[in-house]
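Just so it is clear: chains get the letters A, B, ... in the order the sequence lines come, proteins before strands, and each one is counted from 1. Here the structure is a predicted model, which means the values were calculated and not measured.
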Amino acid sequence: MEKDFKRQIEIIESGTEDVLTKEELESRVKKAIIENKPLKVKLGLDPTAPDIHLGHAVVLNKLRQFQELGHKAILIIGDYTSRIGDPSGRSTLRPKLSEDVIEKNSKTYMEQAFKILIPEKTEVVKNSNWLHHLKFEDILNLTSRFTVARMLEREDFKKRYKSNTPIAIMEFLYPIMQAYDSVAVKADVELGGTDQKFNLLMGRELQKELGQEPQIAITMPILVGTDGVEKMSKSLGNYIGVYEPPGEIFGKIMSIPDNIIIDYFRLLTTLDYKDIEAMNDDMEKGVLNPSIAKRRLAKIIIERLYSKEEAIKAEEEFDLIFKKKEAPEKVEEYVIKQSDTPGKKIGIVELLYNSGLVSSKGEARRLIVQGGIKVDDKKVSDPDGKFNLDDLNNKILKRGKRFFRKIIVKE
RNA sequence: GGAGGGGUGCCCGAGUGGUUAAAGGGAGCAGACUGUAAAUCUGCCGGCGAAUGCCUACAGAGGUUCGAAUCCUCUUCCCUCCA
């Protein structure tokens with residue numbers, strides 16, 4: 001356990017959106033240090049989508065910081081709650097998930113979460129453990145403690161109510177269930193995104209009602225996606241998954257707009273904030289090229305998720321493809337059998353289509369006309385062009401800047 | 001239970017009988033530019049075909065018509081209001 005009280009508070013509060021309340025946090029941390037008793041820091045994850053992306057990583061990062069300070073992480077898999085689906089920020093009812101989908105998602109979720117968390121310092125529990133056993137009577141008891149008015153204070157519910165968009169009664173139960181999770185694990189702190197504030201506060205209330213000390217609610221800012229506008233989410237396709245190969249992560253980070261680089265540093269790295277501010281200044285003054293900052297960011301993130309070597313390799317590969325415009329080391333192979341190819345000749349359109357580089361022959365034709373197809377670094381301009389198989393062996397077929405196939409000719 | 005509105009391409013959304021493979025936007029892809037897979041600009045953006053062409057497509061099924069996303073009938077799903 002980190003004994004330096006000030007340092008603890010500084011690290012815990014860095015990058016947060018809100019800490020409710022700071023006073024409570026301070027006294028709880030102080031007590032934890034004196035009694036050498038780690039705080040229980042709760043984070044609930046709903047395995048609604050099977051993959052974790054950098055948006056989730058923001059909160060996981062914070063949890064990791066807690067672990068590094070010597071506290072205990074309690075990761076709650078919302079296998080039961082995700083049957084309802086969190087209505088937070090939603091404008092419509094979420095579709096219900098089946099049990100085996102949830103089961104499967106949970107597994108991959110955990111694997112990915114441990115790329116960021118320290119496994120030995122993490123306790124993982126499913127909330128079906130306790131929610132499943134509640135009787136209707138218990139639920140009545142819980143629901144009696146909250147009012148409809150209280151629920152409608154929530155912006156998303158309020159909007160839906162006002163605009164006559166339906167709200168399932170079941171959806172009111174979600175925050176209560178999440179609150180009950182906090183009671184069940186006796187959480188000292190709960191983490192979440194800004195959109196979780198209401199739910200976190202419900203936890204505090206219910207804990208108080210049931211005679212526990214209320215948890216401290218810490219919210220983290222929402223990470224914008226690679227488009228620089230919308231919240232990072234899988235369904236919008238603007239996400240960077242923690243499971244993606246290093247090269248892909250590198251490329252995606254290079255593609256984020258310049259104005260969100262600093263936010264990414266703040267939320268996804270543990271760099272000193274002075275260092276980050278300095279970068280910000282330099283970029284504004286034009287001393288630092290944003291692409292350099294992005295390279296640094298990409299490497300830090302990949303190093304966290306994989307290793308230093310992978311980070312360096314990813315950068316090298318990026319330069320190879322985009323600066324030198326060459327093919328990467330590993331290129332997917334496409335094998336052509338001579339016996340399947342009468343006349344030992346193949347048209348470029350067929351070649352592109354068969355190799356899976358394009359999804360239709362029309363697309364192949366278009367790309368050729370637009371100058372997006374190269375064979376062995378030579379532009380192909382005739383859509384009707386044909387190649388001798390003998391000339392194609394080991395040649396690189398290239399579509400645009402990023403898609404390659406190595407052609408292997410076999411008997 | 002009653003009354004009404006709606007379901008269009010990956011997404012949003014226009015289109016109320018022919019000129020509609022269907023406006024516009026977003027996403028995506030390609031090209032130019034760039035120390036960037038950023039920004040910007042240009043082009044493409046259902047499938048097959050060398051092609052004047054053919055096929056598939058506007059919730060589903062059927063019908064009217066020379067011709068239907070557009071009109072009619074039934075089915076289905078969603079939404080609103082009244083109770």
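- At whole-Å resolution of the value, CG in A/Leu367 and P in B/G43 are 17 Å apart.
- Within the 4.0 Å cut-off from OP1 or OP2 of B/G49, at least one side-chain nitrogen or oxygen of A/Lys361 is found.
- Ring pair A/His71/A/Phe66 is perpendicular by interplanar angle, where above 60° counts as perpendicular and below 30° as parallel.
- To the nearest angstrom, C1' of B/C29 lies 15 Å from CD1 of A/Ile368.
- Annotation: side chain of A/Gln178 is in contact with side chain of A/Lys42 (closest heavy-atom distance under 4.5 Å).
- At a threshold of 4.5 Å between non-hydrogen side-chain atoms, the residues A/Leu367 and A/Leu357 do not count as touching.
- B/G43 is paired with B/C29 under the Watson-Crick or G-U wobble criterion, all donor-acceptor distances under 3.5 Å.
- Non-hydrogen atoms lying under 4.0 Å from RNA chain B are contributed by A/Phe318, all within residues 296-319 of chain A.
- At a threshold of 4.0 angstrom between heavy atoms, the contacts of A/Arg366 are confined to the sugar-phosphate backbone, with no base atom among them.
- In a base pair of the Watson-Crick type (N1 to N3 plus N6-O4 or O6-N4) or a G-U wobble (N1-O2 and O6-N3), with each distance short of 3.5 Å, B/U20 is matched with no nucleotide.
- Ionic pairing of A/Arg405 and A/Glu332 is present here: one or more N-O contacts between side-chain nitrogen and carboxylate oxygen are shorter than 4.0 angstrom.
- A salt bridge links A/Glu205 with A/Arg150; the closest basic N to acidic carboxylate O contact falls under 4.0 Å.
- When Watson-Crick and G-U wobble pairs are counted only if both distances are under 3.5 Å, B/G1 pairs with B/C82.
- Among the nucleotides B/C48, B/A50, B/A38, the one closest to any side-chain atom of A/Asp384 is B/A50.
- Using C1' as the reference atom, B/A59 and B/C54 are 26 Å apart when rounded to the nearest Å.
- For A/Ser291 and B/A38, the shortest distance from a side-chain N or O to OP1 or OP2 is not below 4.0 Å.
- Taking atom P on both nucleotides, B/A38 is separated from B/G53 by 38 Å, rounded to a whole Å.
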Which pairs of donor and acceptor atoms, one on a side chain in residues 290-311 of chain A, lie under 3.5 Å apart (sequence neighbours left out)?
unit_1, atom_1, unit_2, atom_2, d
A/Ser291, OG, A/Asn289, OD1, 2.9
A/Lys294, NZ, A/Met254, O, 2.9
A/Lys294, NZ, A/Ile256, O, 2.6
A/Lys294, NZ, A/Asp258, OD1, 3.4
A/Arg295, NH1, A/Glu315, OE2, 3.0
A/Arg295, NH1, A/Asp319, OD1, 3.1
A/Arg295, NH1, A/Asp319, OD2, 3.4
A/Arg295, NH2, A/Asp319, OD1, 2.9
A/Arg296, NH2, A/Asp275, OD2, 3.0
A/Lys299, NZ, A/Glu315, OE1, 3.0
A/Arg304, NH1, A/Asn61, OD1, 3.2
A/Arg304, NH2, A/Asn61, OD1, 3.2
A/Tyr306, OH, A/Tyr243, O, 3.3
A/Tyr306, OH, A/Glu244, O, 2.6
A/Ser307, OG, A/Glu310, N, 3.3

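- A straight line from NZ of A/Lys401 to C1' of B/G35 spans 14 Å, rounded to a whole angstrom.
- Searching all strands for a Watson-Crick or G-U wobble partner of B/U76 with both distances below 3.5 Å returns B/G7.
- A/Met283 places its CE atom 15 Å from the C1' atom of B/A39, with the value rounded to the nearest Å.
- A 4.5 Å side-chain heavy-atom check between A/Leu75 and A/Met110 finds at least one atom pair inside the cut-off.
- Counting any heavy atom pair closer than 4.0 Å across all strands shown, A/Gly347 reaches no nucleic acid atom.
- B/A37 is unpaired under the criterion used here, namely a Watson-Crick or G-U wobble arrangement in which both key atom distances are under 3.5 Å.
- Counting any heavy atom pair closer than 4.0 Å across all strands shown, A/Ile292 reaches a base atom.
- Between A/Arg365 and B/A50 there is a side-chain N or O to OP1 or OP2 distance below 4.0 Å.
- Ion pairing between a basic and an acidic side chain is recognised when a charged N comes within 4.0 Å of a carboxylate O; A/Asp138 and A/Lys135 show no such pairing.
- Rounding to whole angstrom units, CD of residue A/Glu363 and C1' of B/G43 are separated by 14 Å.
- Per the geometry, CZ belonging to A/Arg399 stands 12 Å off C1' belonging to B/C44, to the nearest Å.
- Contact annotation for A/Gly251: base contact, defined as any heavy-atom pair under 4.0 Å involving a base atom.
- For A/Gln370, the side-chain atoms get nearest to B/C44 when compared with the rest of B/G35, B/A37, B/C44.
- Each of A/Glu350 and A/Ile373 was matched to the nucleotide of RNA chain B holding its nearest heavy atom; the match closer to the 5' end belongs to A/Ile373.
- Distance check on atom C1': B/A14 versus B/A23 gives 6 Å, rounded to whole Å.
- Judged by Watson-Crick or G-U wobble contacts below 3.5 Å, the nucleotide B/U65 has no partner.
- One can place CD1 of A/Ile240 at 15 Å from P of B/A37, the figure rounded to the nearest angstrom.
- A donor-acceptor contact closer than 3.5 angstrom is absent between the side chains of A/Glu17 and A/Thr194.
- Taking only side-chain nitrogens and oxygens, A/Ser255 never comes nearer than 4.0 Å to OP1 or OP2 of B/A38.
- Nearest to the side chain of A/Lys325, among B/U36, B/U34, B/A37, sits B/U34.
- Straight-line distance from the CZ atom of A/Arg402 to the C1' atom of B/A30: 13 Å, rounded to whole Å.
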